[in-house]
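The structure appears right after this line, and notes come after that.
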Amino acid sequence: MAQNEIHHPEIKPQTSSQSAETNNTKSKPSSLETQMSTTSTMIPTTSWFTPKRLLALFCVINLLNYVDRGAIASNGVNGSRGTCTEGGTCTSGTGIQGDFNLNNFEDGVLSSAFMVGLLVASPIFASLAKSVNPFRLIGVGLSVWTVATLCCGFSFNFWSISVSRMLVGVGEASFISLAAPFIDDNAPVSQKTAWLAIFYMCIPTGYAIGYVYGGLVGSYIGWRSAFWIESVLMLPFAIAGFVMKPLQLKGFVPADSEKVLVPGTPLSEVSVMDTSNGKDESLSLKAEFSDKSSIDHSKSNSAAKMYDQFSRFFNDMKELLGDKVYVVNVLGYIAYNFVLGAYSYWGPKAGYNIYHMTDADLIFGGITIVCGILGTIAGGLVLDFMSNTLPNAFKLLSITTFIGAAFCFGAFLFRSMYGFLVLFAIGELLVFATQGPVNYVSLHCVKPSLRPLSMAISTVAIHIFGDVPSSPLVGVLQDCINNWRTTALILTSILFPAAGIWFIGIFLHSVDIFNEDDEQQESNVEGSSTMPLLQVNAGEISTSTRSQEP
């Protein structure tokens, strides 16, 4: 009976009524059945987690990521170079730019250095998610991030802080690739875009808090302390990634049970793994012989596994880049992020020079935090109200971006600071409404097993072609024309092509395949673990609990 059940892992998760019938008909399930039951749902071993707590945890981590981005762009941390008047009177520089005597191009490169680590590490973390528990990968990434920000505070020249910023990107890579799929798995069906919007709301909010945080900490206790404090704040979350029970993603086999659940594995081999404690000599001899055999083939197996990893990665990339809906979505996101990235870095400095804002950090931070929160949440709620489909997402993306671009462009034409602030606030409110819909498209136009790679490549693309070149290029443009108003108008005009690209997406044939489990066709084992994380009823919990009884 038990062995027959081992060879049918493709059986779908039971409903509560089916589960109750199973409890009445089964008497003593085998140890293998127990393991299969506990790996299909994480509730019995991670009861502290609820979807809302998981969302809150990821939001705080994401917030800290972008507080760091905002802090390094703030006048308090970034600072300015020393200046000399024609009369020979010189003033010393402040912040990072003053201490290391950076020109605008070098300063812009510093803001984008994290992208090197992000570019290299994101696809690696996304691929490893198929063989290593994704929750543990997040713990590794946050640990690297914690050490890297600590090193930023100890940097002594341009190159040392640049390398530290690259490592920050490595640490961030695991989180940005995997957090959104976790949230999408657990969000209520009718509120998926709203939950993603809440998560991505932390981007503008983090930037805004970072402006204020960097301005205050940098001005009073020094820019190095700003990085040290960030490192201390992230440390508990890095530790949590290792000590908490690992969670699973939809469409992925639990790493620790993959060997046991392989179809065709004899029951005797499973029993050896479960019951051998070193006291049975026959089992010990059998295990010893098995170890010697495995050593002989270890090198060939390692090479084969590495080849399989690369082959799987390139096949996934081919499938991803062949999806027109995904490509159009990312292209629009690149143009959008080109503008937003430069806004976030040069905004306070441009506002200070154009409108002589004495508290540019606080003003830009205040506008960004209010408009970012309201706009991002509103975008998610509106899409859910419209019904969260891919065509509706593209409609919302194109309309809000176009109108928002018009308001932002008009804002920089105003000579009055108050007129600028009103129009710019409305423009940012509309522009930030894209955060939920654009990531909803990236998650739902691909099959579940491609979601980590989809998010990783999307993030890499918008950075490497968007905000990474935009900051130094805007710095070069400003050095050439020496007019912040003109520079800002040229930058803002790029939002119009972004709206046009997303408009094309409305007319593309698109299918939401989030609930189509393609992995069932490729592997019966993966079909047994596709239940959304933490969404389990009382009957299933009862099944798992009873299956553990002797």
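Quick caveat, the model's predicted, so the values are computed rather than measured.
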>> Give me the atom names and distance for the closest heavy-atom approach of I457 to P123.
In response: CD1-CG, 4.3 Å
> Has Y352 got more than 12 heavy atoms of other residues, nucleotides or ligands less than 6.0 Å from its OH?
Replying inline: no
> Has the side chain of R451 got a donor or acceptor atom that lies under 3.5 Å from a matching backbone atom of H444?
Replying inline: no
> Which heavy atom in D323 sits nearest to a heavy atom in C445, and how many Å separate them?
Replying inline: OD2-O, 2.9 Å
> Any donor-acceptor pair under 3.5 Å linking the side chain of R165 with the backbone of L110?
Replying inline: no
> How long is the gap from CZ on F409 to CG on L495, to the nearest 0.5 Å?
Replying inline: 11.0 Å
> Can you tell if the side chain of L443 reaches within under 4.5 Å of the side chain of L196, non-hydrogen atoms only?
Replying inline: yes
> What pair of heavy atoms forms the shortest contact from A411 to L423, and how long is it?
Replying inline: CB-CB, 3.7 Å
>> So which atom in Y66 and which in C202 form the shortest heavy-atom distance, rounded to 0.1 Å?
In response: CB-O, 3.9 Å
>> Using salt bridge (charged side-chain N to carboxylate O under 4.0 Å, His left out), reason through K447 and D316 one step at a time and then give a plain yes or no.
In response: CA-CA 11 Å; K447 62 185 182 183; D316 288 346; 5.5 Å; no
>> Do S442 and N329 pair up side chain to side chain, a donor and an acceptor below 3.5 Å, judged on atom types alone?
In response: yes
> So do S174 and V140 actually touch side chain to side chain, heavy atoms under 4.5 Å?
Replying inline: no
> Would I138 and F125 count as a side chain to side chain contact (heavy atoms under 4.5 Å, CB included) if you check the C-alpha gap in whole Å, the side-chain angles of each, and the deciding distance to 0.1 Å?
Replying inline: CA-CA 9 Å; I138 291 177; F125 278 117; over 6 Å; no
>> Tell me the closest heavy-atom pair linking T400 and L396, and the distance in Å.
In response: OG1-O, 2.7 Å
> For E319 and Y326, what are the C-alpha separation, side-chain angles and deciding distance, and is it a side-chain hydrogen bond (donor to acceptor under 3.5 Å, both in side chains)?
Replying inline: CA-CA 10 Å; E319 182 176 351; Y326 178 78; over 6 Å; no
>> Within 45 degrees of the ring normal and closer than 6.0 Å to the centroid, is that where the cationic atom of R69 sits relative to F114?
In response: yes
>> Please verify the inter-ring angle class for F58 with F135; under 30° counts as parallel, over 60° as perpendicular, anything in between as tilted.
In response: tilted
> S398 side chain to K395 main-chain N or O, any donor-acceptor pair under 3.5 Å?
Replying inline: yes
> Atom CD1 in I354, atom OG1 in T486: separation rounded to 0.5 Å?
Replying inline: 8.5 Å
> With a 4.5 Å limit on heavy-atom distance, are the side chains of D184 and W195 in contact?
Replying inline: no
> How many angstroms lie between CD1 in I367 and CG in L421, if you round to the nearest 0.5 Å?
Replying inline: 4.5 Å
> Out of curiosity, L118 CG to L167 CG, how far, rounded to the nearest 0.5 Å?
Replying inline: 12.5 Å
>> List the residues meeting side chain to side chain donor-acceptor pair (under 3.5 Å) with W346, not counting sequence neighbours, and say none if there are none.
In response: none
> Between F507 and F394, is a ring-ring contact (aromatic ring centres under 6.0 Å, His included) present by the stated rule, with each step listed?
Replying inline: CA-CA 9 Å; F507 305 100; F394 279 119; over 10 Å; no
Could you pull out every donor-acceptor pair under 3.5 Å between side chains of residues 460-467 and any protein atom, sequence neighbours left out?
| unit_1 | atom_1 | unit_2 | atom_2 | d |
| --- | --- | --- | --- | --- |
| H463 | ND1 | D467 | OD1 | 2.8 |
| H463 | ND1 | D467 | OD2 | 2.8 |
| D467 | OD2 | N337 | ND2 | 3.2 |

> Which is it for W145 and N65 under the side-chain hydrogen bond (donor to acceptor under 3.5 Å, both in side chains) test, yes or no, and what are the steps along the way?
Replying inline: CA-CA 9 Å; W145 192 96; N65 271 317; 2.9 Å; yes
> Where do F496 and T401 land on the side chain to side chain contact (heavy atoms under 4.5 Å, CB included) test, with the steps shown first?
Replying inline: CA-CA 7 Å; F496 293 107; T401 303; over 6 Å; no
> Using a distance-only test with no angle check, is there a side-chain donor-acceptor pair under 3.5 angstrom linking Y343 and T492?
Replying inline: yes
>> Is there a side-chain contact between N439 and Y333 in this structure, where contact means two heavy atoms from C-beta onward sitting under 4.5 Å apart?
In response: yes
> With distance as the sole test, does T459 use its side chain to make a donor-acceptor pair with the main-chain N or O of M455 at under 3.5 Å?
Replying inline: yes
> Ion pair present between D185 and K192, side-chain N to carboxylate O less than 4.0 angstrom?
Replying inline: no
> Stepwise, does the side chain to side chain contact (heavy atoms under 4.5 Å, CB included) test hold for C59 with I198?
Replying inline: CA-CA 8 Å; C59 282; I198 291 172; 3.9 Å; yes
> For Q435, which of Y200, Y440, Y336 qualifies under side-chain hydrogen bond (donor to acceptor under 3.5 Å, both in side chains)?
Replying inline: Y336
> Can L54 and I183 be said to form a side chain to side chain contact (heavy atoms under 4.5 Å, CB included), step by step?
Replying inline: CA-CA 8 Å; L54 190 67; I183 293 171; 5.9 Å; no
> Distance-only, no hydrogens or angles: does the S470 side chain make a donor-acceptor pair with backbone N or O of F338 under 3.5 Å?
Replying inline: yes
> Does L383 offer a backbone N or O that forms a donor-acceptor pair with the side chain of N392 under 3.5 Å?
Replying inline: no
> N78 versus K349: any side-chain heavy-atom pair under 4.5 Å?
Replying inline: yes
> What distance do F175 atom CZ and S122 atom OG have between them, rounded to the nearest 0.5 Å?
Replying inline: 12.5 Å
> Under the salt bridge (charged side-chain N to carboxylate O under 4.0 Å, His left out) test, which residues partner E428, sequence neighbours left out?
Replying inline: none
>> One pair to check against ring-ring contact (aromatic ring centres under 6.0 Å, His included): F407 and F424. What are the steps and the verdict?
In response: CA-CA 6 Å; F407 273 98; F424 190 73; over 10 Å; no
> R136 side chain to G241 main-chain N or O, any donor-acceptor pair under 3.5 Å?
Replying inline: yes
>> To the closest 0.5 Å, what do you measure between CG (L340) and CG (L491)?
In response: 9.0 Å
> Donor-acceptor pair, S493 side chain versus I490 backbone, under 3.5 Å?
Replying inline: yes
> Can you check whether I501 reaches V328 side chain to side chain, under 4.5 Å on heavy atoms?
Replying inline: yes
>> So which atom in T376 and which in G372 form the shortest heavy-atom distance, rounded to 0.1 Å?
In response: OG1-O, 2.6 Å
> Would you say W502 and V438 make side-chain contact, with heavy atoms under 4.5 Å?
Replying inline: yes
> Got F237 and L64 here, is their nearest side-chain heavy-atom distance under 4.5 Å?
Replying inline: yes
>> Checking T149 against E230: is there a side-chain donor and acceptor pair closer than 3.5 Å?
In response: no
>> Atom CZ of residue position F385 - does it have more than 12 heavy atoms of other residues, nucleotides or ligands inside 6.0 Å?
In response: no
